Structure formats: structure tokens, C-alpha cells
Amino acid sequence: MSAIIEVVGLEKRFGTFQAVRGVSFQVDRGEIFGYLGANGAGKSTTIRILCGLMTPSGGTASVAGHDVASDPEGVRFSVGYMSQRFSLYPDLTAMENLDFFGGAYRLARRARLRRAEALLGDVGLSADDPRTAGAMPGGVRQRLALAAALLHGPQVVFLDEPTAGVDPEARRTFWRIIRKLSDSGTTVFVTTHYMDEAEYCHRVGLMVDGALVALDTPSGLKRAHVPGRLFAVRGTGLDVARLRELAGVTHVEPFGAGLHVRGDLLTAEVLSEAVRAHGGQGVLVEESAPTLEDVFLAVAARSSAG
Amino acid sequence: MIDLVSLAAIVRKEFIQALRDRRMLAMLLGIPVLQIIIFGFAANLEFNRADTVFVDEDRSEESRDFLRGLTAEKTFLAHGVVTVAEMERELRNGTSQVGVVVPRGFGRRVEGVEAATVQAFVDGSDPTRAVAATAALEQYASRRTLEALRGLGGVAGVARVTFEPRLLYNPSLKSRLFMVPGTAASILVILTTIVTAMGLAREREVGTMEQLLVTPIRPLTLMVGKTIPYAVFGLVDVTLILVVGNLVFDVPMRGGVAVVYLGALVYLVSTLGVGLLIATVVETQQQALMVGFFFLLPAILLSGFMTPIEAMPRWIVPLTYLNPVRYFVAILRAVLLRGAGLRDVAEPMGSLAALSLGVLLLSAARFRRTLG
Ligand SMILES: Nc1ncnc2c1ncn2[C@@H]1O[C@H](COP(=O)(O)OP(=O)(O)OP(=O)(O)O)[C@@H](O)[C@H]1O
Ligand SMILES: [Mg+2]
């Protein structure tokens, strides 16, 4: 497989503030590439540079063979972009929006109407839906935005938090479409706040404060960043400080309503004894598989400490 | 430079959006008609009559005759004979605009065929009226003199020269005929500049600009595409204004309609272009509105719409060459009132066309295709 996105030492400064700090990575053709990071980590900024919407302050980036700084026109024809904020016309219907954006990509009218109709079908919308985009519920609107990003058959689509604020069922539907896209050879570059969604990605990059601090497959990331056995601890009166001092425990992180405790030599029995001994009540300890959330917490803790 | 497929898509989209937005439609089509009617009636600079008081210090047959004659002039609306103090009060509080004082000895001097002086006080705070009243007073005085000469039988040997002025195009000097074209140009510039400036700023605010920028639409295509639909609405407005102007204010159409529309089209491209140019320097709709008015006020005031450009200070005149309103006011007046043809208005038309092209190209050049 050949790389379709190549980023080397990419930087972006806004005045004195550095939003992206020397990021390098490659994305392969047909890959689903996830980009994870807290608010303000620099995810959208990276995407905007890769779409030719912003000029980099340093480093180089090329998409589908076009350098983003010197050939933004080539980039425009090769990429589809779905921005974080809904940015189709709220006073136009689905079909009118697609008609317009198809025209913007210089597709002939007849051809683009046919293509729009087919795409709307693919994302589960109807071409003669009389609603304007502004009147559609969030999930439907996001699928419409995806269809708009795919009109001109781009090699790469950039989806910036496509499922933010959308209900779980709609999120699952959306990810089914993403997987189909990838199966048909389109490269998908997607950012998300939902760790469960990141599991669907072929590879995941973690951004912390503008830097790419980890990049691997989900299982690779877990192996590298969440070593040892992982236990989910639930109950009341859990004493985090005391648990951290326990022999064999390497990490204790709040997780959901309870804690995630890691250690190499731990067993569930030993751990639950210890938790009770330190005042825990109604304690339930189960070994669990590490999630990307654990990876994220581990990496973020290390990055902010270092 | 311009891609036709994209252009057609932009034009279609702008039309759909404008026609779907009732407030926008009301603004585009209703307001111009309303404004032309209101301004047409309000913009009445005609000097009808001046309220006049008389002070007769002579109290002679001659002085009474002189004042009676003056009262008969339809220009002066006599408020009666008063004292000097009363006259001063009337002038100060604005009840009267003209005070005529016939001094003692007037009758004797006229009788003795000597030069006699009559004093007139004219309220200069309204210059138009003051100038007209002064002219009417002078006319009256010279007529009296001529009559006196004739009475003496002495006109023989005096070569008498009189002007016989004939007013062309607007013989009754109706200011409305003069004001309606200016008002039309002003309404069009306000509407089109604000609508486009706000429209593009709105795309930036709402976020649709970001989606637009990621497409290969070229700036000039975008600018022209955003101009065409509003130029069409503008031409509809021109039609409405001409019809209303004709029906309500008797504004004639002496020249060719085609010339008016050609001028209007070129004018609209320039004013829409200015709106787009404004949108390239602002971030929000509010800023667009502010910068818009910053352009509109001087553009209208320096258009020759109310004050002739020749009467403006020297240093300001070059600025008016960059003002599209100036050229359109000139074209409209020439064609509507003087029956000018395309050849007659070639100069303002050419200047306006150059200005339109310049503004449109400048706004396309200034339009940034990136967010930062
Ligand atoms: N145009 C801009 N001017 C100045 N600062 C900016 C600009 N765009 C982004 N930033 C700053 O750069 C940083 C990174 O922003 P970015 O939008 O890339 O973050 P993000 O990872 O997408 O966050 P989120 O999850 O909130 O979308 C933020 O601190 C943001 O305030
Ligand atoms: Mg973002």
C-alpha cells in the first residue's frame, strides 16, 4: 500500500500560539485513520491544513500527491471535507445543497443530480425530502453533510467530529457508512471524542497540545501504553491514594463511576481484599480488556507530566 | 477566470435563497417603492411663497402703491403692515421670511424723479428661498422703474435690452423631477451594497464559507455569481421606480429606455461590487453594516444628487470620480429629463463601466481562499 497523505514536521502558529507542533505521519490508501485529542489539541487545525483551507507555518504535507502549500487547487479536487460545524446551507433542501456543491466542483448538472440522488440513497436519505437542512435532526444532517463531501468522488475524505452530538444509533449508522467507504477504497481521516468509535479505525493518532504523541493500531496502542493486567474496580469509599501505594499496582485512574487499576502481578482476589481493607464498600473487581480510553488517559498523563 | 458550471450553480442557489426569504424579498422589492414615494413627496425644494411683512415709514400715496404692487406679486404672501420691532420679531421667530421697509421720503423722491431706496430683509437661513425671494424683489423693482420711465414718456432713446429666458426640460422648475433620479440612484446603492456585503459576511459567520472555500470555486466566479441575481432584482427595482416616478410624480422618460437599463446594469455591477469588496475586509455582518454606511453616506452626499458637484470644494471633486452614484445620477437625469441618447451619456457610462470592472476585479483579488 502506498501513502496517500504524507505529513512531515507540520507546524501551525496563530500569532505566538502554536496549535500544531512538528507533526509527522502517513496515511495509507483506503485506511480509516482516527485522530484523537482533547479540545484544542489541534485536530481541526491539522485537517484544515490538509484540505488547503489553512497554510502551514512550517513543515510539509501532501495529499494524493499534491502539496498543500504549493498546489491547493489539486488538493481541492482530491479531498472531501466535512467540517466540525455544520456548514451546508440551512435554508436549502438536501437536493438543493448537493446540486449547488456539485456545481462548485464543476460537475455537469445532469450528472451531478444523478450522483446526488444515488449518494443520498447510500446515506439513507431521500432525494425528494422537502425539509430544508436546518429543519433536519442532527444525525440526518450529518449524513447529508457526508454526502456533500463525497459528491465529486474524492480519494480522501476528512471528517471532523462527524458524530458529535448525535445519538448512539445514528452514530452506528454513520460508522457503517464510513466502513463501506473504506472498503470501496476511499481513505477516511476522521476525528472524534468517542473512544469506542476510535476502535473502528485501522490506526489511531493521539494529539496532545498540538503534538502527535502516539500512533498505532488500536491493539498496538493498548499493548504499548497499557501494559500489565487491567482491573475495573467498582464500589463506594474507594481510596485512590492508598491504592496507588499498594504493592504490584502501577496505575490507578478514575474510569466511569469507578476506577481502573493496573499492575503486572495483581490478581482480582488480592486487589478486592486490599480495596476492602482500605475502607471500600460494595466492592466489585473484574479483570477487563484495556480500551483506548485507558490508552488516552495513560498517554495524556505522561505527556502533561513530562 | 470564470467557470460557467460553477457560475450557474451559484446564481441558481442565490436566487433560491433570496426568493425563499420573505424578509429579503420585501426588502428587495417593497422598500424601494415605498422610499421613492416618501422621498419623492418629501424632497420638495420648490420655493412657493415667502411670508412677507411691510414697514411703511413714508405713509405716502407712492409708498402705498409700491407695497400694493408687491402684494400683487404671487411670490409674496402679505402679512400686513407692521412696525420695525414687530418685523424683527416675525423674522426672528420665522413667521415671516421677508421684511420690506419703505423709508421716509420715498414718495417725495419718486415724485421728484430721484433715486429711491427700499430696504428688504430676507431670511438667509434657507438659501434656496432667500435667493428666489431676492430675485423676485429685484425683478419687481426694475419693472417699477421701467413703468416709471414709460410714464415719463422717456423710453425713446434708451436702448432697452431684456432677456427672455426659456427654461428647458423642466420649465416649471419642479424639484421633484430633479430629485427622483437622485433618490432612485441612492435607494439602489443602499440596497445592493448592504445586501451583498451582509450576504457574504453571513456565509462567513454561519460557517458555509468554510465549505465553499474547500471547493475549487474561483474567487471571480463567486463574485460574479453573487452579483448576477441581485443585479436582476436591482433591474426590477429600476422598473418599479420608473413606473412609480412616472405615475405619481410625472417624471418623464424622454430618452431611450434601453439606455436607462444599460446604465442601471453597469451601475448595479459597481454597487454590488462595492458590497463584495466590503465583505472581503470584514468578519461579521455587523461590521459589514458599519463599513457599508461608512461608504454610503459620502457616496450619496457627493453624488451631485442634492448639491451640484461644481459647487463642492476643489479638493473633494477628484474623489467623486470614484463614486458610482455620481455617474448614474448624471445618466438618469440626462436620459429621463433631457432625452439624452447613448452617445450623449457615453462619458459617464464609460467611467461607470471602468469603475464596475475595477471594483469587481479588486474584490476577487482581495478575496482570501484560506481561513488563515
Ligand atoms: N484561526 C485561529 N486563530 C487563532 N487560534 C486558533 C485558530 N484556530 C484554532 N485556534 C486555536 O488552536 C488550537 C487548536 O484548535 P483546533 O480547532 O485545531 O482544536 P481541536 O483539536 O479541533 O479541538 P476541538 O476538539 O475543540 O475541535 C485551539 O487552542 C484554538 O483556540
Ligand atoms: Mg476541532
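Naming convention: chains lettered A, B, ... in sequence-line order (proteins, then strands); numbering from 1 in each chain. Note that this is a predicted model, so its numbers are computed, not measured.
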*asked:* Is any side-chain heavy atom of A:L92 closer than 4.5 Å to one of B:R20?
replied: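 Counting from C-beta outward, B:R20 and A:L92 do come under 4.5 Å.
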
_Contact winner vs chain A - B:R218, B:R368, B:M209, B:E210, heavy-atom pairs under 4.5 Å_ =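 The answer is B:E210.
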
Which heavy-atom pair separates [X] from [Y] by the least distance, and what is that distance?
{"X": "B:S6", "Y": "A:A104", "result": "OG-O, 3.6 Å"}
{"X": "B:A9", "Y": "A:F100", "result": "O-CD1, 3.6 Å"}
{"X": "B:T208", "Y": "A:L88", "result": "CG2-O, 3.5 Å"}
{"X": "A:R76", "Y": "B:T215", "result": "CD-O, 3.1 Å"}

Given a strict heavy-atom distance threshold of 4.5 Å, which part of [X] is in contact with chain B: side chain, backbone, both, or neither?
{"X": "A:L107", "result": "backbone"}
{"X": "A:F86", "result": "backbone"}
{"X": "A:Y81", "result": "both"}
{"X": "A:R106", "result": "both"}

*Heavy-atom count around B:Y261 OH within 6.0 Å, excluding the residue itself: above 12?*
yes

*asked:* Tell me whether the count of non-hydrogen atoms from other residues, nucleotides or ligands lying under 6.0 Å of CG in A:D91 goes above 12.
replied: yes

*Between the side chain of A:R85 and the main-chain N/O of B:V206, is any donor-acceptor distance below 3.5 Å?*
yes

*Quick one: of A:R109, A:E73, A:R112, who has the most non-hydrogen atom pairs under 4.5 Å with chain B?*
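Looking at each option in turn, the highest pair count goes to A:R109.
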
_Spacing of CD belonging to B:Q211 relative to CZ belonging to A:F101, to within rounding of 0.5 Å_ =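 Here the interatomic distance stands at 5.0 Å.
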
*asked:* To the closest 0.5 Å, what do you measure between CG (B:L213) and OG (A:S87)?
replied: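 Between atom CG of B:L213 and atom OG of A:S87 there are 10.5 Å.
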
*Would you mind checking which part of B:I10 comes under 4.5 Å of any heavy atom in chain A, side chain (CB onward), backbone (N, CA, C, O), both or neither?*
both

